[in-house]
Number of protein chains: 2
Amino acid sequence: MSAVPDAPLFQPLYRQIAELITRSLDGGEWKPGEAIPSELELAARFKVSQGTVRKAIDELAAAHLLVRRQGKGTFVATHSEERTQFRFLRLAPDDGSAERLSRKFLDCRRMRPSAEVAQALDIPGSQAVLQVRRLLYFRGAPVVLDDLWLPLALFKGLTGQRLSEYEGPLYGLFEAEFGVRMIRAEEQIRAVAADADAAALLEVGPGAPLLSVDRVSFTYGDRPVELRRGLYDTRSHHYRNRLS
Amino acid sequence: MSAVPDAPLFQPLYRQIAELITRSLDGGEWKPGEAIPSELELAARFKVSQGTVRKAIDELAAAHLLVRRQGKGTFVATHSEERTQFRFLRLAPDDGSAERLSRKFLDCRRMRPSAEVAQALDIPGSQAVLQVRRLLYFRGAPVVLDDLWLPLALFKGLTGQRLSEYEGPLYGLFEAEFGVRMIRAEEQIRAVAADADAAALLEVGPGAPLLSVDRVSFTYGDRPVELRRGLYDTRSHHYRNRLS
DNA sequence: GAGTGGTCTAGACCACTGA
DNA sequence: CAGTGGTCTAGACCACTCG
């Protein structure tokens, strides 16, 4: 039994290079949206061939840590762009229209994590977290009620004031102001009956069926940095998923 | 306006090779589970370098059409193996245990497709379809109620008799006996209230919240070949999804 | 035109599998 | 051991972007 069950001892060179580049990203050597050095520069820096650097970057681009743009360079991925906004929000209107969404901040409070939250975020129960509640509107109607839990240590200075001013995706705010970048996430989806609170906020009948989406988001090195519980009204929207 | 909006005119060589290999797969030159020719053989056959064949196979392996096995060869992917059974069934027990599942065939009837079914399968309303209903059990308890619609033309000879005898994943049966291989699928997920039928079959209360999963499955060339509507009891299971 | 990523080749060697 | 896929290199040329 090992904590990392499938970690081979000897990694190919391109994976070691990918690891070095990831560490530079984690360390903030290049900021989201910026270009990283060219393949030839990186090859010189790491004393390997351009082909090996290419393969390393291929991996990181496949994992959406980097974005390649032919003729321009390779860039650090960011959540602040239109193109990537719906990578983590998988809700779409049934009629296929491209609705603009708006966000309404409801609440932000500092608290001790519940056992469940502490376990999901892999922090001791003594370490404080922020709980944030907000609503998402499609075409003016509330569709998503989100509760977020964030380790306070990583989001020092995050206030309700700041959240109520901000417009745009939360993950954009997190990466720009706190240097916390979401790389991947795991979701658990269930059908639940709306409780009184959720029913009132989402403007559905009490007990109405809602989609419950529990998400844990991870940053570099698979460190969990956000727990999120969303309740989706799926009367005229659906969660879309592609299996491949 | 074009039917295929993002099809570039000039494809790189490795993509043309990938297309040729895909056509051979579609045509049945190699059967699921079998090995395809080695990279060097394919390179000779297509008059390109091994590296170009490698890149073509890389693409097809990433799309799960092929499976590479170092030292052994490259194999046609199949749905009849343990490893791939849960690629399309994303339901997992909350407690993380590895439950064996069993299937119970309920019904199979030939019918005219509804407008909705005909549109999803991209067939004329005059072309008959098969409707199949079945239950999935985890640890002896019913958890999934599935309705499937299949174009009759592709599944000639499929009978309730055959379905009730068969044990194993349906997609394994489809590829082995009808040469219809599922490559990818798109799902739309909603929360709904159980109707009387579903409540009785899934042993939940009437009106209980259920996960509704609509799936369209595609074979080679993005041709839709199955519509499926599943109702999941998520009281002790969840739909798992990885965002990346 | 210079600089970037993208493709293609040829060859050497490594790692794994199975007879 | 031979045969397979996996890695790494070096070099040539293509396609795209931008000044």
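Here is the naming used below: chain letters follow the sequence lines, and residue numbers restart at 1 for every chain.
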Checklist entry - Could you give the OH-to-P distance, from A/Tyr14 to C/dA15, as a whole number of Å? => result 14 Å

Checklist entry - Looking for any heavy atom pair under 4.0 Å, which part of the strands does B/Gln70 touch: base, sugar-phosphate only, or nothing? => result base

Item to check | Atom pair distance, as rounded to whole Å: CD in A/Gln11 and P in C/dC14 | outcome: 19 Å

Checklist entry - Distance check: side-chain N/O of A/Lys55 vs OP1/OP2 of D/dC8, anything under 4.0 Å? => result no

Checklist entry - From the list D/dC8, C/dT9, D/dT4, which nucleotide is the closest neighbour of the side chain of B/Glu41? => result D/dT4

Checklist entry - How are the rings of A/Phe174 and A/Tyr171 set relative to one another: parallel (under 30°), tilted (30 to 60°) or perpendicular (over 60°)? => result tilted

Checklist entry - Once you round it to whole Å, what is the distance between P of D/dT7 and CD1 of B/Ile57? => result 14 Å

Checklist entry - Any side-chain N or O of B/Arg54 under 4.0 Å from OP1/OP2 of D/dG5? => result no

Checklist entry - Salt bridge or not for B/Asp58 and A/Lys55, using N-O below 4.0 Å? => result no

Item to check | Side chain proximity check, A/Arg228 to A/Leu170, heavy atoms < 4.5 angstrom | outcome: yes

Next on the checklist: When you measure from the side-chain N and O atoms of B/Lys72 to the phosphate of C/dC16, is any distance below 4.0 Å, counting only OP1 and OP2?
Outcome noted: no

Checklist entry - For the pair made of CG in A/Leu13 and P in C/dC13, what is the distance, rounded to whole Å? => result 17 Å

Checklist entry - Which whole-number value in Å describes the distance from A/Gln50 CD to C/dG5 C1'? => result 8 Å

Item to check | Phosphate-side-chain proximity, A/Thr74 and C/dT4, N/O vs OP1/OP2 below 4.0 Å | outcome: no

Checklist entry - Heavy-atom distance under 4.5 Å between the side chains of B/Arg68 and B/Glu39, does that happen here? => result yes

Item to check | Exam field: side chain A/Arg181 to backbone A/Leu25, donor-acceptor pair closer than 3.5 Å | outcome: yes

Next on the checklist: Both A/Lys47 and B/Pro37 contact DNA chain D. Which one's nearest nucleotide lies toward the 5' end?
Outcome noted: B/Pro37

Next on the checklist: Nearest whole Å is fine: how far is C/dG5 P from A/Leu60 CG?
Outcome noted: 14 Å

Checklist entry - Under 4.0 Å between a side-chain N or O of B/Thr52 and OP1 or OP2 of C/dT9? => result yes

Checklist entry - Could you state the CG-P distance from B/Leu40 to D/dA2, rounded to the nearest angstrom? => result 16 Å

Next on the checklist: On the nucleotide C/dC16, are OP1 or OP2 found under 4.0 Å from the side-chain N or O atoms that B/Arg69 carries?
Outcome noted: no

Item to check | Nucleotide D/dA12, atom P - distance to CD of A/Glu39 in whole Å | outcome: 18 Å

